[in-house]
Each structure stands twice: as structure tokens, then as C-alpha cells.
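Numbers here simply count residues along the sequence, with the first being 1. Just so it is clear, the structure is predicted and the values come from calculations on it, not from any experiment.
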Amino acid sequence: SGHEAWLLLASDVWLVKRDLVVEKGVDSGSQEVARLKKGDIFRRAGDALRLLEVGDEEPMAVLRMPILPRGWVRFAHWADSGQRDDFQSAVAMPDDISRWSQETPAAAMGTIPAAVPRWAHVLVSKAIELDALHSRAMRACVAFEECQAGLRDAVQRAVARSEQESEEELVGSSQALARDEARKQALFALGAYIECTDASRMTQDEWQSGGDREFQLCEARQRESVLREGERLNASAELEKLKDLRTESRKTSVLARTAATELANARDLELPDSEIEQLRQKFEEARSLARKADRKFQDAIAHVSTMASGHLPELLLHLLRMASKSLKLKELQALSGSNQTRVLEVFSMERKLAHYDQEHDSMEKLSRCGSRHEVVATTYKSERCVLKIFDLSIQTSLAGLLHEVVLHRKLQSPLVVPLHCAFLESSPLRGVLHFDRYCCDMEAWGREWVQKEREPWEAVLRHAHTMVQSVAYIHTLSIVHGDLKPSNWLYDADKSMPRLCDFETAKDRGVGGVTTASRTTSTATPLLQTRGYAAPELQNPSLPKSRASDIYALGMSLWFLLDCVDHRGETKRPLEVLAERMTVTEPAGRVSASQAQHDEAFQRVPTADAAMDFDKPPAYWVNQAGFQCYPTRYMVEHVQRLIFATSCDDCHRLATDVRIVKVERVENKVHWMSFSSRRRELAERNAGGVTRLVRHITLPEVVLDDATNEVFLWHGLPAESVPIVANAGLDDRIANCKGLYGAGIYLTDQWCKALQYARS
């Protein structure tokens, strides 16, 4: 008959009637592993799969089946236009199956005509619709994220109302229940897809199905893991636990204050030393209990804040109500939802200065006379620390305190001094920030420590590179420090590196729509600057501080380090040239920090452990656990510029007529994790031997990974396909087959070419 194979019903064995290609992967066109000759027999290894693939003319549905000992064969495919393969590419069926292929387009794959014989009916009806299951799972995940976004909006609406009107309960509300149901539906859909995918594996070994399907499976498992974590959480139970811990913390804090008062009274009354010693021991025991209770409560607040951010946004409303008893509610309202979470992560509602080992009056004063804030050194549980104390009787001080807290939480990096805790004192009203204590700042290091180094010049070069990295890091997040100088880098002797500190004058320029600068203008005016490190343009008080003024101050800080060590001129010269490029008079002529960290002056410096962690999502992401799109207005100007800059010579006029309607940033942590994993694998393969290529698309201060030649590229697509790509990623199975080189994922560094892709 000329057909390639016949089914032997008794043993589910196929007899080959003509040469048959066996492929390694489930996708058509994967590596050929064998050819079966006429007369060969093979056994089916599992259920057939119905897949969506890209054909020569248009997308098509494909019927594939695994066979033993190992491989896949293609039985048939259906195209949208009704064209069919006639079962000639891999396995041919009897004539009635050919008729079925003609009658069954992709849009109606679930319908099997009665003319199909029973054995073919069973084969097709049992086929696993892998791609349909994946699409269903992704739609369920999008529905869940929409419910989460609705809850976040409800929280912000409740916070925006007055305290008397904000008693709305979101825990256990209809919105929360609808979200829980959407999570269940998403977990069910993901579970069905993962189960069917696992069932299609031919052995327990790695699924030989090609990168795209392996990526989809990995993505589905990651999504399932995140959703399972949220499903296990109980919002009501977490709130009850939090209330109990707060009550315990308050009780122990009251007992510690009472014991401190009794001890002070005994000293004033000059009671016998034995009684004073007993009261002192009583106070230390009470203080120790208060510290432990405060630590547990603070850890619980941080834990619940993380849960609210990623899984249970309705909890944020209750956390803000708790914090509003200490902080002014209107100051919390002024912050975005993500910044509210950042504050709650480190804000201790019950900690007091009395919890520290020394009384406030006995603490070592570090701040100079006339400083804006008091800075003291003390110990907490015998560990050295520094406290920065804000006088909250000044109207803008609380906004400045919250501003600095937000920036420190946003800048969680080894390059920046970490903030461990923030709390308020009621009498008098003060705000306190708790930091680690370091041996000295870089000004003192340059004057006193550098000559103690075994290789002074190597140490200067290494620390200069780290200082440049720290500025590049904050500029990547669109944060302008505003007061860079050697004394604002603290020297960490344990890690032998400087860390950037003092963000009181810093401005957040609003990466991702987040901004705090407008609320803290009075704490970061151009007048707050250090003579000798302020850029020339800042002599005009109407000009704001900028990245360029930061670069000038960074260059002057490098000049300070250069003057602290004697070395051969030819070795110092590259760093001197870099410092000169940073301190030119014209702001536009200064090199950026991201460019400076790759300067030839640092070629001999090994890659620092403190460099940016490329595996972590950007710190400015609002939602670190799910999928969402966010309007990003500040990018409109940059996109408009890039459109003109990346158009070919023939399309410049077209580029001038384009108006940007809106720009949205896609946050998808699952895709980020998968992307980071592949990037890390590529970096290991390159092993530092990559030749850096020219990047045609750049964004201000965005750091790309040189180890993998990371670049920005344009991709054009119809508007209706954006939600699919944002959620499920770039997928050639939804591509248009009429592209110049057929269906595929087209990327380019020219905007006008991407426009052609969108139109096609």
C-alpha cells in the first residue's frame, strides 16, 4: 500500500513498511538518532503528544509518539488552513486516516470524525495536549496575578483613607477568597501540565526535548513552588501570632523600664551597694528579656512583610495599622506600597535606647558639634554598633528618616553599609537608625592605614575600584548620593573593602516609578554639600545635584587616595587619567560610573566579590514574587531617544514622526530566574575568554554583564501578543510563518527593523 507502518493491536507494536526517521527530542527537527528500515518493528513507549509547532507556511498541530528503545516519530500534522501532511513525513496511515487529516484543522483538533477507525481514534483521543495544557496553566497564573494586583490596590485605597475610615478588613474578605480560589486553579493547571510532561519523559533521565520545552517545564515548576508557598500560609494565624509577640514585647519592655527606674531611684537615694547591685542584676535580666522579645517581634514583622509583598498583600494593611501607632500615618501614606514594605522590614515598634548596653548619656559621641544629627557609638548584646539619631521635633525629620530607611533597604549590597534596625523614642521624640560599626572611614584609612598595607598602591587601586563600583551601583538604580567624599565610605577591615554610607542627602530619581525625592526636598538641598568635593555647576543653587555632580565628587575622592601613596608615575598614570576625566568642568564631558568601573586603570584589579549580583532581580522591582506590568514614565524619554538613534539612514524621518504613548516594565521573576541560570551557564562556558562587542543600545547607568556580552535588542510584535509574551516569554510557536526567514524569534538593534516585525 506504500504506507510506512501498520499497528498490530495485540501487542501495540508497529511494523515499518518504509524508511522511518527517529528523532531524539519531542520536537520535530531535533537530532536524528536512528533510521528504521522496511520490515523493522518498534514498540510504543508512551502516549502520543499533540504539540503546536512552526511549519514552513504557518503554525501547525503535530502528533508525535515516543518509541523504544529511545526516540520520537511524527505521525501527522494539521495546519490552520486545512493543509495536512498526508502522514508522509514520518509515518503514513491507511486512507481513512488521510481523510481525517483533511477534515480536521488545528482549530478543531478535539473533534475526531466517525470515519476514523477505532485504533486511530484511541491513539489520537489519548494524545496529551502538552501545549494546550501549558497555555491553560499560564492563563490561570495571569488570572491569579490579577487578583493579587486587585488586593494590592485595595490596600493602598484603605491606607489613603483616614484612620477612622480604614477599619476595612481584607483578611478573609471576598477579594482574598477569590484570590485563594484563583491560586488553586493555577496550581491545578500547573500540576496537570507538569504531570503530563513528566509522563511524556521516556526514562527517568533528563527529558531530551529541546531547550524551549525544558525551559517551560522549569518555569512551571518554579511557578508551582511559589504558589505552593503562598498556599501554605494562613493570614489569620500569622496575624494572631504577630499580635501575641507584640504583646509579649510590650510587657517585657515595660518591665525593663520599671527596673531601670527602680535602679535610678536607688542610686539617687544612695541606697546600700548590695541593694543597688540586686536592682542592677534585675534590670539586666529584664533588659535581656526585652531584647529577646523585641528581636522575635521584629523578625516576625520582617517575615510577615515579606509574605505580604509576595503572597498575602492583605496583611500589609494590618502591618501599617500597627506601625501607625508609632509613625505618623500620613508619612506612611506618602510612600508607595513597595516602600511601605521596605520600612516595615526593619522598623522595630518596641525597641528603645534603654535596650542598649550603655545609657544614652554614656555613649561615645561620633558626630561633630553643629552636625544635623547626633551619631553615637555603643554596643548591643556586646556587639559594636553605631546609632544615628534624628530629632523628630523638626517637621521634616520623620520624612528624612523614612527616606534614608527606604534607600538603605533598596540598596542591599555588599557595596553599601547595611541598616539593621530603625525605631522611635517617645521622650523626647527621636528616630534612631542602627548600623554596624567599622574601624574607620576612607579619609582616615588614607591618612593612617594605607602605609600599613603590605602593598599600599595595590590596596589603593583595589579600594578605588570598589568605590567606583558602589557609585555605579546606586546610579544603576537612579539614585544620586549628593554628598560623596572619602569620609562617606566606611572601611570594612573584615572584608578589606570600603562601603558607601550616609544617604540623607541622596535623591531617588524614580526608577520604576518609585520616587522619594519630592517628599524630602528639605533634607537634600544643594546647600548640603562638602567644600572641595562639590561640582562647579552646584555653585548655582538653582541647579539640582545629578549623576554628573556625583562623578565629580567621586573623582575628587580618587585624587585624595592618589595623594595618600607614593608610587611610580607610569603606574599611577591610568588612575590619574580616569580622575581627570571625572573632574572636568563640563558635566557632559565626565565619564559615567558604569564606564569607569571597566576603565583600563582597573585591568589588574581582580573581579570583586562585592560586584553586582546579576542573579537577583533589580532592586527597584515592585513585586519580587510574581508577574506584573508597571507603567514606567521615566523611560519615555529614553525610548524616544533610542528610536531615533537606532534607525537606519533611510528611516530617520519616520523616527521623528513617532510619538511614544506609554512604556511599561514587565516584572516576571520566574523568567528572570531562568534567564539568570542560562546566563550563568554561558559565563562558565566562556570562562573569561569572551571578546567584548560593541553595544548599539544603551540606557543611562544600566550595567550589563560583560562576561556574557549581554546586550539590549528590539523585538517588534502585534499589541495583542504582548500579554502572552510578557507572561510566557518569547515563543516561536505564536510567530508569523511569513517572515523573511520563516517563523522564529526576530531580534534586532535597529528600531525600524523591529517595526517591520510588528507590522508583519
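- No side-chain donor-acceptor contact under 3.5 Å links H475 to the backbone of V480.
- Residues V432 and F390 have side chains not in contact (no heavy-atom distance under 4.5 Å, counting atoms from C-beta outward).
- No side-chain donor-acceptor contact under 3.5 Å links E576 to the backbone of L562.
- No donor-acceptor pair under 3.5 Å is formed between the side chain of S225 and the backbone N or O of R221.
- The side-chain hydrogen bond (donor to acceptor under 3.5 Å, both in side chains) search around K485 returns T530, not counting sequence neighbours.
- Under 4.0 Å is where a charged nitrogen must lie from a carboxylate oxygen, and between E345 and R342 no such pair does.
- No donor-acceptor pair under 3.5 Å is formed between the side chain of H303 and the backbone N or O of Q298.
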query: Is there a ring pair (Phe, Tyr, Trp, His ring centres under 6.0 Å) between H463 and W445 once you walk through the steps?
result: CA-CA 11 Å; H463 296 334; W445 181 86; 4.8 Å; yes
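- Between the side chain of E229 and the main chain of V226, no donor-acceptor pair closer than 3.5 Å is present.
- Looking only at distances, a side-chain donor or acceptor of R590 sits under 3.5 Å from a matching main-chain atom of T585.
- Within the 3.5 Å criterion, the main-chain N or O of F503 finds no donor-acceptor partner in the side chain of H481.
- For H420, the side-chain hydrogen bond (donor to acceptor under 3.5 Å, both in side chains) test picks out D436, with sequence neighbours left out.
- With hydrogens and angles ignored, the 3.5 Å screen pairs a side-chain donor or acceptor of D550 with a backbone N or O of G482.
- For the pair N488 (side chain) and D483 (backbone), a donor-acceptor distance under 3.5 Å is present.
- In this structure, the side chain of E580 does not engage the main chain of G555 through any donor-acceptor pair within 3.5 Å.
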